[in-house]
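We name chains A, B, ... by the order of the sequence lines, and we start the count at 1 in each one.
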Amino acid sequence: MVELAQVVVDVPTMQTNRPYTYQVPVLLEQQLQVGTRVVVPFGNGHRQVQGFVVGFTDGTDYQGKLKPIQAVMDLQPVVNRELLELSKWLADQTYSFWIACLYTMLPNLLKGKAHRIVRVVDELAEQDYYDLFAGRDFRDYADFENQPEAIARLLKLKRAGKVRFDYQVENRAKAKTITGIRPRLDFEALEDARTSLHPNAHAQNRLLSYLQSIIGRTVVQKQAEQQTGISAATINQGVKKGWLEKVPVEVYRTPQADDRLPDDHHLEAPLQLNADQQRAVDAIGAQVHSRQATTFLLQGVTGSGKTEVYLQAIAQALAEGRTALMLVPEISLTPQIVNRFRRRFGSQVAVLHSGLANGEQYDEWRRIERGEAKVVVGARSAVFAPLKQLGLIILDEEHESSYKQDEAPRYHAREVAKWRGRYHGAPVVLGSATPSLESRARALKGRYQFLRLPHRVNRQPLPPIQVVDMRPEIKRRGESNFSLPLLTALNDRLSRGEQSILMLNRRGFSSFMMCRDCGTVLKCPNCDISLTLHMDTRTMKCHYCGHEEPIPQVCPHCHSRHIRYYGTGTEKVQAELEQLLPQARIIRMDVDTTRRKGMHEKLLRQFGDHQADVLLGTQMIAKGLDFPNVTLVGVLNADTGLGLPDFRASERTFDLLSQVSGRAGRADKAGQVIIQTFNPDHYAIQDAQHHDYDRFFYQEMSLRRQASYPPYYYTVRLMASHPEEQEAARAMAEIKTLLEQRLAPQTIVLGPTPRAIARMKRRYYYQIVIKYKQDPALHKTLQEIMQKTQSRGFKDVQVSIDPDPQYFM
DNA sequence: AGCACGCCGACT
DNA sequence: GTCGGCGTGCTC
């Protein structure tokens, strides 16, 4: 009985979203395993694609002739049984392609690159040969991109049988190697060589005795040269004479390890815990020990020592011979936490996030896969780290929306973590100072085990928060981003040599160009949204599609010269601040100043070294920063997020304000927080002012209950887009009819409505929001919709389904 | 996705 | 008549 392989191919469409059956050539039988990548022929012609072996079978219903697998790309499976199962579950839960889920779990380099090669197979006309192939007999098809005439000529030649298209899947995953040297002779033979040397050949003599000292070992050539002073030239001579050979040595591309970190023999000792921390560590440790997949909610105020609880719980998992996963929202923003883990656990720590270079990402992944790294610190996608024997999973700042991926597959790391916890019998700890309403509600219901750290470790009170009503300020002093109290406080810090952080809440706000005569706002030609002014590049940019154009001198509509920019951008605030406080040194941090790799860390280091007095930035500065010299935190516009049409607007505002407040007075100096707002009476702002999470929680819960929103209801968002607005609307109307036929009567279907940004990238968007408590028909119906929208009735309609969406705009 | 097949209008 | 446009269906 011949075994056949089931392969999921890299063709992300609904029609091909299932395994295909292939023959296994005898030569490949040994290497082929479930979870290895393969190259398979697919479709007509000579097309080949990458695929994953997901199983073996001995028969198939398929009537046609089975094709053989062409090549095996991996010596070892790249997806183990757990992750294969997880990928299947993920595809089902998020209504996405299995192949897309597999790639999401793996480092980028494991996505093969498909090359189309155009090969000359028959005599060509002189002109064609010269123009298209420049004297060679093959070219990469990609070279002809953006040359439609050339492509047309190639297709013609193909039809005439003069050229052929070949396919090649390139395996981009390669280990980095450096040169090592290894003796080829034994001690006596090297000794013989030495005695027959010319007496003047001192260098070679030294080389030979060095080789004698490293018999049976391989040494990195660079190291050998440094240690012994022997030159590369001498080593090359030795190779020629057959004394030694050069061999490639595999090395890991390790991401920015801080050189001040200790080696594994001088690791930092655990800190003394207070009673609350100890109780938390004990509770988690007990579940690690008994392998219970309990979910904990660890709610601790800023500065309550959550991280130390994590570290000690992880140490327990390691002591039990298990591994641990630590997730943080945006790791590139928190280098401090990575360093803290490295100081405690040394080289057992691997770091995994999308900011790494592909090579680094791949190498960290392999260290984990091989069991060399036992603790993984990483962002969202690190939840798929191939750790075996997982003993503990931690999600810090569990309320952060960045744990939800906002493109397909739209998974939430929290749910994946719980799945893996169940698989391994590992507890999951959700940590936050301001838990999501969903998590806190589950903790109260007993679905999660609730742990609290109500006290700060240093026993310092939380900093006082002053709320400044901007309405009278504006009346008194005119348009300004700075109220008098804030300005006074800034001046005060400046004279005392202390530092300040200023945050501009830019959500839903940016600087746009408007004509003062006719009111025309400069808009993106592809999207239904105004263009944003970027002074650094002196262009107008669309934040949605990337469209860019020069800053207009006159209004494109009425040709008036009175075209100005409005809105509050960080640049504009910086300019105003420079005028008000000319002596202050300011560092601005936003998407523009941190675009370049490493700029983030650089700016933060500069601020930490007190090379500036004020750090001015957007949301990105709110998280995890810990600068002892910062005693003032100002929020310039606390409420720009409140007006958004999103039921989580208040929650986000409360989280953000609580978060930034924690940045002031972390060490022995007392801190102060000033929040400027036009809504001083809003409960989100008031409760943040009084550090009162509970009050906010109950208030917000009652609103959610009234409006039937999470955590009382679950939500799903469906989106459809089409280049023609009516087509998008029509498709959605049809989907709505289907939903109403199938779903339970208690389920609420809202819409279809045009999205807040109705047009993006030349497509019109409509959405439907489903709210439900329990609906046995929902899952099947949504799958049916994904199928149905492939048919001709939905030509050019793109439909996406977002379970538990984080944003509704 | 990428390709072949097949139907239709526009051209040497 | 044939060339090439695009809509349709299939890929183990």
Side-chain angles (χ1 to χ4, degrees), chain A residues 1-25 28-29 32 34 36-73 91 96-104 111-119 121 139-145 148-170 407-409 722-724 727 731 786-800:
Chain A
M1 177 173 48
V2 193
E3 278 223 300
L4 304 170
Q6 309 221 266
V7 177
V8 173
V9 293
D10 184 4
V11 182
T13 68
M14 214 60 213
Q15 294 95 336
T16 52
N17 187 27
R18 61 188 179 81
Y20 285 82
T21 313
Y22 283 88
Q23 286 174 41
V24 180
L28 301 182
E29 257 172 28
L32 202 63
V34 168
T36 46
R37 293 176 304 149
V38 289
V39 179
V40 291
F42 195 72
N44 315 331
H46 303 266
R47 186 175 179 207
Q48 42 171 260
V49 297
Q50 181 174 305
F52 289 82
V53 178
V54 297
F56 293 104
T57 173
D58 46 21
T60 167
D61 294 341
Y62 184 62
Q63 296 301 305
K65 186 163 163 43
L66 296 181
K67 292 179 180 174
I69 287 176
Q70 206 129 76
V72 183
M73 298 176 76
S96 33
F97 307 128
W98 195 352
I99 187 74
C101 294
L102 285 163
Y103 282 136
T104 301
K111 182 163 170 69
K113 201 174 169 199
H115 288 280
R116 254 192 298 183
I117 310 291
V118 195
R119 209 176 285 283
V121 289
R139 288 282 301 273
D140 197 318
Y141 187 78
D143 295 347
F144 299 105
E145 200 125 35
E149 337 76 51
I151 289 175
R153 277 165 80 184
L154 286 173
L155 291 175
K156 206 163 187 173
L157 291 170
K158 178 169 177 258
R159 252 174 272 129
K162 303 273 194 189
V163 302
R164 192 180 71 203
F165 285 12
D166 276 352
Y167 293 84
Q168 240 170 277
V169 175
E170 183 197 349
E407 58 188 54
H722 193 279
E724 305 286 335
E727 285 303 298
M786 286 310 274
Q787 280 300 335
K788 197 185 171 83
T789 52
Q790 297 309 116
S791 64
R792 56 222 145 291
F794 288 83
K795 201 173 129 35
D796 295 334
V797 180
Q798 278 172 16
V799 175
S800 69

Partner set under salt bridge (charged side-chain N to carboxylate O under 4.0 Å, His left out) for A/R139, not counting sequence neighbours: A/D143
Under the salt bridge (charged side-chain N to carboxylate O under 4.0 Å, His left out) rule, collect the residues that match up with A/R119, sequence neighbours excluded. A/D166
In chain order, what residues pass the ring pair (Phe, Tyr, Trp, His ring centres under 6.0 Å) check against A/Y62, with sequence neighbours excluded? none
Taking ring pair (Phe, Tyr, Trp, His ring centres under 6.0 Å) as the test, write out the residues that go with A/Y22, two or more places apart. none
Can you tabulate the close N/O pairs, meaning under 3.5 Å, that link protein atoms to atoms of nucleotides 5-12 of chain C?
| unit_1 | atom_1 | unit_2 | atom_2 | d |
| --- | --- | --- | --- | --- |
| C/dT11 | O3' | A/G43 | N | 3.2 |
| C/dC12 | OP2 | A/K67 | NZ | 2.2 |
| C/dC12 | O3' | A/T21 | O | 2.7 |
| C/dC12 | O3' | A/K67 | N | 2.9 |
| C/dC12 | O2 | A/T21 | N | 2.8 |
| C/dC12 | O2 | A/T21 | OG1 | 3.4 |
| C/dC12 | N4 | A/R18 | NH2 | 3.0 |

Check residues 791-800 of chain A and write down every donor-acceptor pair under 3.5 Å in which the side-chain atom is one partner and the other belongs to a residue at least two apart or another chain.
| unit_1 | atom_1 | unit_2 | atom_2 | d |
| --- | --- | --- | --- | --- |
| A/S791 | OG | A/K788 | O | 2.7 |

For A/F144, check ring pair (Phe, Tyr, Trp, His ring centres under 6.0 Å) against everything at least two apart and list the hits. none
According to ring pair (Phe, Tyr, Trp, His ring centres under 6.0 Å), who are the partners of A/F56, at least two apart in sequence or on a separate chain? none
Got a list of protein N/O to nucleotides 10-12 of chain B N/O distances below 3.5 Å?
none

Tell me: CG of A/D10 to P of B/dG2, nearest whole Å? 10 Å
Has the side chain of A/Q23 got a donor or acceptor atom that lies under 3.5 Å from a matching backbone atom of A/L66? yes
